[in-house]
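In what follows, every chain begins at residue 1, and chains take the letters A, B, ... in the order their sequences are listed. Below, all heavy atoms of this structure are taken into account, side chains as well, without hydrogens, waters or symmetry copies. Computed from a prediction, not measured in an experiment: that's the story for all the values here.
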There are 2 protein chains.
Amino acid sequence: MTEPRRAPRQAEAEANDRALLAAAREVVAVDGARASVAAIAARAGVGIGSLYRRYRTKQELFQRLVSLTLDRWIDAAEQGLAHADPWEGLAHYLLAGFDIGQGSLGSVAGTIELTEEIADKNRRADEAVDALVARARAAGVLRPDVTTTDLHLLVEQLGKSPMIDQLRQQGRTDLVPAAVNARTRITAIALDGLRAPAPHPLPGEPPAPELLSGRWET
Amino acid sequence: MTEPRRAPRQAEAEANDRALLAAAREVVAVDGARASVAAIAARAGVGIGSLYRRYRTKQELFQRLVSLTLDRWIDAAEQGLAHADPWEGLAHYLLAGFDIGQGSLGSVAGTIELTEEIADKNRRADEAVDALVARARAAGVLRPDVTTTDLHLLVEQLGKSPMIDQLRQQGRTDLVPAAVNARTRITAIALDGLRAPAPHPLPGEPPAPELLSGRWET
DNA sequence: AGTTTGCGGAGCGAAACGCTCCGTTTACAA
DNA sequence: TTGTAAACGGAGCGTTTCGCTCCGCAAACT
């Protein structure tokens, strides 16, 4: 390292940055893109001034948030691919995805200007997921009428958890663990619905990829 | 009828009321309880003044909206009970529930003052759903580890459709039918996950009913 | 002691909010 | 034709909330 010594003030600044990002994730989960910088700073236990020293605008903070979240998605997909069992790999990705909660970020992603970095990460995540789905389908453990787009939409839908957000908003944090457990059960139901063989074929036409989260591609 | 004649102005007023409620449903689906009266009136093609002639406050409009939506829920559950086949009956209720979209209303229900009428309708809906679930379970078509609360939460989660709301918000109404189709597929997956016999038992403890949409009861 | 660096938050102009108020339009009786 | 009452749309009010700037202060280093 060129800079092994850490000035205490600099360490504090980095801790603040982490707190800001964590707080932003929480507030955005509840309020979506309407989340105010004041609320984010307050939740992080940090002054507004400090927020604006690190991010020139609210949009810059959101872009960073989306970028870091995409990292999590890529990790989840690649960890899924690392599993030897195709079904376990897919299930790992989906369960991780429900936790990451693309849904909450989806509304933010629709409001920010897309950077090259974000578009690139999005592409990498898509490739990994495609491989994951293709492998599960080839192994015959995923019902064959489910498309990758179906899965993306399912994750988007189940990742957003209005129940948990609402509880947090009402300050009933004591109930949050129970809510997380409840959501896990729901996702387990959905996972069971994905397994081959399927009791009935899915209705309608396979969904078009354009439906995914606003624009992303184009 | 005591008043068979309809003054044209009065008919217009009633049409405006219907348009207001329909618009409120749409705007609330996107913006939740933050939906502004101006947005609702504009979407209904009606002046703000007309809105406030019929509803003294925004809250009064929202209470009416919740009440009418609960009527839909009661209908869906009772129609489900009318089905001879227990599974078809349950599926009918769930599919209708996904369409009604309790999720969107959940955020509104948390902000309004509960009237006696609303609490009463909520009770009636609960009773009908309990009967529906009990019948399906007794017939052995519903996996036995799913509780009524699980189902309520599932409906709440899948009823809210961020994808459709976002498309509408962006004015891409051309894509909405495709999105509705996509959501139908997702719900079909979840339905298949509910059938008996289950591939694996559900994880965790059965969820407590207190988790449902804020307060409703108490 | 002086300098640098990061800090918190009061306060700015702009925007959005719920709601009131009023001039206009329409249907119908005189 | 004219008078009246009902329903209309929307400008504008006071208030709140927003993103963001700016500045006085404290801690670390020289």
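Within 4.0 Å (heavy atoms only), A42(B) reaches no atom of the nucleic acid at all. Note on A44(A): nothing from the nucleic acid sits closer than 4.0 angstrom, heavy atoms only.
Atom CD1 in I40(A) sits about 17 Å away from atom P in dG9(C), given to the nearest Å. One interatomic measurement links the two molecules: CG of D31(B) to C1' of dC17(C), which rounds to 13 Å at whole-angstrom precision. To the nearest angstrom, C1' of dT4(C) lies 13 Å from CZ of R53(A). Residue R34(A) contributes atom CZ, which lies 15 Å from atom C1' of dT16(D) at whole-angstrom precision. Between I48(B) atom CD1 and dC13(D) atom P the separation is 15 Å, expressed in whole Å. Atom OH in Y52(B) sits about 18 Å away from atom P in dC13(D), given to the nearest Å.
Judged by distance alone, the side chains of E117(A) and S67(A) do bring a donor and an acceptor atom under 3.5 Å apart.
Put simply, CG on D126(A) and CZ on R124(A) are 12.0 Å apart, with the number rounded to the nearest 0.5 Å.
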Please report, to 0.1 Å, the donor-acceptor pairs under 3.5 Å made by any side chain of residues 28-45 of chain A, with sequence neighbours excluded.
residue: S36(A); atom: OG; partner: A39(A); partner atom: N; Å: 3.1
residue: R43(A); atom: NE; partner: E26(A); partner atom: OE1; Å: 2.3
residue: R43(A); atom: NH2; partner: E26(A); partner atom: OE1; Å: 3.2

Let me check something: any side-chain donor-acceptor pairs from residues 186-194 of chain B under 3.5 Å, sequence neighbours excluded? List them with distances.
residue: T187(B); atom: OG1; partner: R183(B); partner atom: O; Å: 3.3
residue: T187(B); atom: OG1; partner: T184(B); partner atom: O; Å: 2.7
residue: D192(B); atom: OD1; partner: H200(A); partner atom: ND1; Å: 3.0
residue: D192(B); atom: OD2; partner: R143(A); partner atom: NH1; Å: 2.8
residue: D192(B); atom: OD2; partner: R143(A); partner atom: NH2; Å: 3.2

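Comparing dG6(C), dG19(D), dG18(C) against the side chain of V37(A) picks out dG19(D) as the nearest.
Residue N16(A) has a polar side-chain atom (N or O) positioned under 4.0 Å from OP1 or OP2 of dC7(C). Side-chain nitrogen and oxygen atoms of S50(A) include none within less than 4.0 Å of the OP1 or OP2 phosphate oxygen of dG6(C).
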Should D17(A) and Y55(A) be marked as a side-chain hydrogen bond (donor to acceptor under 3.5 Å, both in side chains) after you check the CA-CA gap, both sets of side-chain angles, and the distance that decides it?
CA-CA 10 Å; D17(A) 191 26; Y55(A) 302 97; 2.7 Å; yes
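Closest heavy-atom contact between G204(A) and N181(B): CA-OD1, 3.4 Å. Among all heavy-atom pairs drawn from R185(A) and P203(B), the shortest one is CG-O, 3.1 Å.
Map L51(B) and S36(A) each onto its nearest nucleotide of DNA chain D; the residue landing nearer the 5' end is L51(B).
If you check residues 54-62 of chain B against DNA chain C, the residues with a heavy atom closer than 4.0 Å are T57(B), K58(B), listed by number.
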